[in-house]
Amino acid sequence: MKHFFCIIFLLTMVVALGVSQDLATYTYLYNGAETVSDRLSILEQVEKANLSDSEEFFANALNRLILEYPNPQITQERVAADSTARFLAGVLGDKKYTAAGGNLWKTVEIFSNPLVKADAMIALGKAEAVTYFPHVLQTLQDLNVQPIPDREGGERIAYGAILALENYRDLPDELWKQAAIAVYLASAGWYSDRVQKQAEASLAVIAKDPSEPYISIIRNSSYSYENKYKALQKIDSTQASPAVKADVAMAALVEGWRLPTSDRRFRAVLTNIRKQAIGMINHYHTEDAAVYSLLERSYRQGTDTEEKYDAVAALASLGTDEAVRLLSSFLMVLNGKFQSNSLTYEDQQMTRALIAAIGDAGNPQGRSAINVVLTLKWTDAIKRLANEALTRLQ
């Protein structure tokens with residue numbers, strides 16, 4: 001302790017007397033300090049002195065700390081070691097000292113304090129230590145899967161990893177895509193509101209194409225049905241363009257019919273994916289010709305009535321010749337069932353929906369099917385609907 005006060009006295013005199021505050025002086029004092037706490041005080045003085053070319057001094061200090069870290073047995077010294085590690089990570093990150101990347105990652109590995117791990121990863125991002133980008137990314141990916149026993153600590157580490165990924169700048173597009181996916185999954189994951197909101201904010205910086213992480217999740221078979229559904233809902237709530245949202249919806253509708261499952265719960269999620277996608281197509285439209293076969297499948301094979309009605313509404317919204325051809329073909333089938341006296345109550349309700357949809361489409365191609373309704377002995381109520389639709393097709 002006496003030695004420590006001597007060091008502090010010397011530092012004070014250096015400042016008070018205006019003595020040249022070169023790194024050699026501080027290095028001498030630093031090397032003579034006996035405890036982690038003493039050395040932290042000196043590091044703080046060096047940082048306040050704002051000396052040029054001090055990066056290597058701080059990097060060497062971190063290296064020494066790492067080498068000595070397993071030794072402190074006194075709680076006070078371990079606390080000082082954690083504080084020193086966080087201080088050095090902050091300084092080296094702010095100075096963008098890439099050469100310290102190896103020791104910053106060692107800090108993540110050997111220190112048990114989640115705040116130290118978080119600060120060291122943030123520093124890796126600021127320092128553009130690209131070599132360790134995959135390590136930071138994997139850390140977040142692992143945490144996204146499930147909470148660690150120390151839930152609060154896990155959130156702190158995830159928070160640091162998210163900020164670290166945001167701080168990286170010059171990366172290949174493929175790495176940006178991977179980062180965007182991991183950060184999006186964090187925003188929709190098990191974390192508290194604080195971490196989720198930071199992930200949302202960071203995603204806006206990381207995702208150069210706002211649709212990219214969502215399309216990747218929807219198309220990649222390694223992600224769960226629930227993740228795909230959440231990604232689809234998320235893109236619909238963003239400021240992405242209508243064209244982008246329509247593209248994502250199409251990708252989701254394709255997946256909604258492609259993915260097989262015998263599990264009732266998963267089937268329900270796939271149905272919700274299709275309905276969400278169809279609703280988005282209804283709203284944003286698409287020129288992708290594949291939409292017609294997909295909507296026809298939802299009408300004919302949809303697992304609940306709502307999906308069928310959604311498909312009809314989307315076709316009416318598209319209003320193209322092909323969309324109206326499909327609507328007309330659906331209506332003609334019901335006309336045939338009416339003639340054969342095999343119409344159910346559900347068929348009658350769908351007949352009403354189809355007549356209205358053809359009218360809403362406003363495409364004259366739908367007149368033929370509507371005229372057939374008028375020639376048959378449908379109820380007066382349905383014939384009134386048919387006449388109203390016909391007036392919109394003139």
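For reference, positions follow the sequence shown, starting with 1.
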* Note: Arg64-Glu68 ion pair, threshold 4.0 Å (strictly below) -> yes

* Is it true that Tyr184 and Tyr214 have ring centroids separated by less than 6.0 Å? -> yes

* **With sequence neighbours excluded, residues passing side-chain hydrogen bond (donor to acceptor under 3.5 Å, both in side chains) with Ser298** => Trp257, Glu307

* Asked: Does the distance from a Lys or Arg side-chain N to an Asp or Glu carboxylate O, for Asp310 and Lys275, drop under 4.0 Å?
  -> no

* Salt-bridged, Glu388 to Arg384, with N to O below 4.0 Å? -> no

* Is it true that Lys197 and Glu200 make a salt bridge, defined as a side-chain N closer than 4.0 Å to a carboxylate O? -> no

* Ignoring hydrogens and angles, tell me if any N or O in the side chain of Arg274 forms a donor-acceptor pair with the backbone of Gly256 under 3.5 Å. => yes

* Answer yes or no: is there a donor N or O on one side and an acceptor on the other, between the side chain of Asn220 and the main chain of Ser216, under 3.5 Å? => no

* Search all heavy atoms of Ser202 against all heavy atoms of Ile162 and return the closest pair with its distance. => OG-CG2, 3.4 Å

* Any chance you could measure Tyr97, atom OH, to Leu104, atom CG, to the nearest 0.5 Å? => 11.0 Å

* Does Tyr292 reach the side chain of Leu318, with side-chain heavy atoms less than 4.5 Å apart? -> yes

* To do: Spell out, as yes or no, whether a donor-acceptor pair under 3.5 Å connects the side chain of Glu77 to the backbone of Val36.
  => yes

* Asn282 side chain to Ile278 backbone, donor-acceptor under 3.5 Å -> no

* Asked: Any Lys/Arg nitrogen of Lys48 or Glu44 sitting under 4.0 Å from an Asp/Glu carboxylate oxygen of the other?
  -> no

* Kindly indicate, with the supporting measurements, whether the criterion side chain to side chain contact (heavy atoms under 4.5 Å, CB included) is fulfilled by Val136 and Leu140. => CA-CA 7 Å; Val136 176; Leu140 182 59; over 6 Å; no

* To do: With sequence neighbours excluded, tell me which residues meet ring-ring contact (aromatic ring centres under 6.0 Å, His included) with Tyr223.
  => none

* Structure fact -> Tightest non-hydrogen contact, residues Ala249 and Ile281, listed as CB-CG1, 3.9 Å

* Which atoms form the tightest heavy-atom contact between Ile66 and Ile110, and what is the distance? -> CG2-CD1, 3.6 Å

* Asked: Are any non-hydrogen side-chain atoms of Ile157 and Val108 less than 4.5 angstrom apart?
  -> no

* To do: Kindly determine whether Asn371 and Ser368 satisfy side-chain hydrogen bond (donor to acceptor under 3.5 Å, both in side chains), including the steps that lead there.
  => CA-CA 5 Å; Asn371 282 326; Ser368 296; 5.7 Å; no

* **Side-chain donor or acceptor of Asp119 paired with backbone N/O of Ala89 under 3.5 Å** => no

* Structure fact -> Distance col, row Lys117:NZ vs Phe111:CZ, nearest 0.5 angstrom, shows 9.5 Å

* Asked: Between Asp288 and Thr286, is any side-chain donor less than 3.5 angstrom from a side-chain acceptor?
  -> no

* Asked: Any donor and acceptor pair, going by atom type alone, linking the side chain of Gln196 with main-chain N or O of Gly189 inside 3.5 Å?
  -> yes

* **Near-ring test Tyr309/Tyr299, centroid separation under 6.0 angstrom** => no

* Structure fact -> Closest heavy-atom pair, Ala180 versus Ala207, reported as atoms and distance to 0.1 Å, is CB-CB, 4.2 Å

* **Validation row: Leu294, Met250 side chains within 4.5 angstrom (heavy atoms)** => yes

* **Sub-4.5 Å side-chain heavy-atom contact between Phe87 and Phe58** => yes

* Do Leu385 and Thr351 come within less than 4.5 Å of each other through their side chains, counting heavy atoms only? -> no

* **Distance-only side-chain donor-acceptor flag, Asn335 / Gln339, under 3.5 Å** => no

* To do: Look only at the side chain of Asn63 and the backbone of Asn60, and say whether a donor-acceptor pair between them is shorter than 3.5 Å.
  => no

* To do: Verify, without hydrogens or angle tests, whether Thr379 (side chain) and Ile382 (backbone) share a donor-acceptor contact under 3.5 angstrom.
  => yes

* Asked: So, do Leu295 and Leu326 sit near enough that their side-chain heavy atoms are less than 4.5 Å apart?
  -> no

* Passing candidate, side chain to side chain contact (heavy atoms under 4.5 Å, CB included) with Pro213, options Ile218, Leu185, Ile181 -> Ile181

* Relative to each other, are the rings of Phe57 and Tyr30 parallel, tilted or perpendicular (30° and 60° limits)? -> perpendicular

* Structure fact -> In this structure, CG of Leu203 is separated from CG of Leu165 (nearest 0.5 Å) by 11.0 Å

* Within 45 degrees of the axis of the six-membered ring of Tyr69 and under 6.0 Å from its centre: does Arg78 put its NZ or CZ there? -> yes

* Quick one: do Gln198 and Glu166 satisfy side chain to side chain contact (heavy atoms under 4.5 Å, CB included)? Show the steps, please. => CA-CA 10 Å; Gln198 181 56 57; Glu166 177 186 335; 3.6 Å; yes

* Working to the nearest 0.5 Å, report the span between CG of Asn272 and CG of Leu232. => 10.5 Å

* Asked: What distance separates Leu334 CG from Arg352 CZ, expressed to the nearest 0.5 Å?
  -> 13.0 Å

* Side-chain ion pair, Arg325 and Glu322, N-O less than 4.0 Å -> yes

* Beyond-backbone contact of Ile235 with Met280, side-chain heavy atoms, under 4.5 angstrom -> yes

* Ser54 versus Lys95: any side-chain heavy-atom pair under 4.5 Å? -> yes

* Pair Thr303-Arg267, side chain to side chain contact (heavy atoms under 4.5 Å, CB included): steps then yes or no -> CA-CA 9 Å; Thr303 53; Arg267 283 203 305 272; 5.6 Å; no

* Side chains of Ser342 and Ser340, donor plus acceptor under 3.5 Å -> yes

* To do: Rounded to the nearest 0.5 Å, what's the gap from CG on Asp347 to NZ on Lys337? Could you check?
  => 3.5 Å

* Any side-chain donor paired with an acceptor under 3.5 Å for Ser41 and Asp38? -> no

* Asked: So, Glu128 and Thr98: side-chain donor and acceptor under 3.5 Å apart, yes or no?
  -> no

* **Test side chain to side chain contact (heavy atoms under 4.5 Å, CB included) applied to Asn387 and Thr391, step by step** => CA-CA 6 Å; Asn387 277 313; Thr391 60; 5.6 Å; no

* So, the side chain of Glu155 versus the backbone of Ser192: is there a donor-acceptor pair under 3.5 Å, distance only? -> yes

* **Criterion salt bridge (charged side-chain N to carboxylate O under 4.0 Å, His left out) on Arg258 and Glu255, from CA distance to verdict** => CA-CA 5 Å; Arg258 185 188 66 81; Glu255 290 297 292; 2.7 Å; yes

* To do: Give a yes-or-no answer on whether the side chains of Ser328 and Gln365 include a donor-acceptor pair shorter than 3.5 Å.
  => no

* Structure fact -> Taking every heavy atom of Gly366 against every heavy atom of Leu393, the minimum-distance pair comes out as C-CD1, 3.9 Å

* To do: Could you pull out the closest heavy-atom pair between Tyr168 and Ala129, with the gap in Å?
  => OH-O, 2.8 Å

* Aromatic ring pairing Trp105/His135, orientation class (parallel under 30°, perpendicular over 60°, tilted between) -> perpendicular

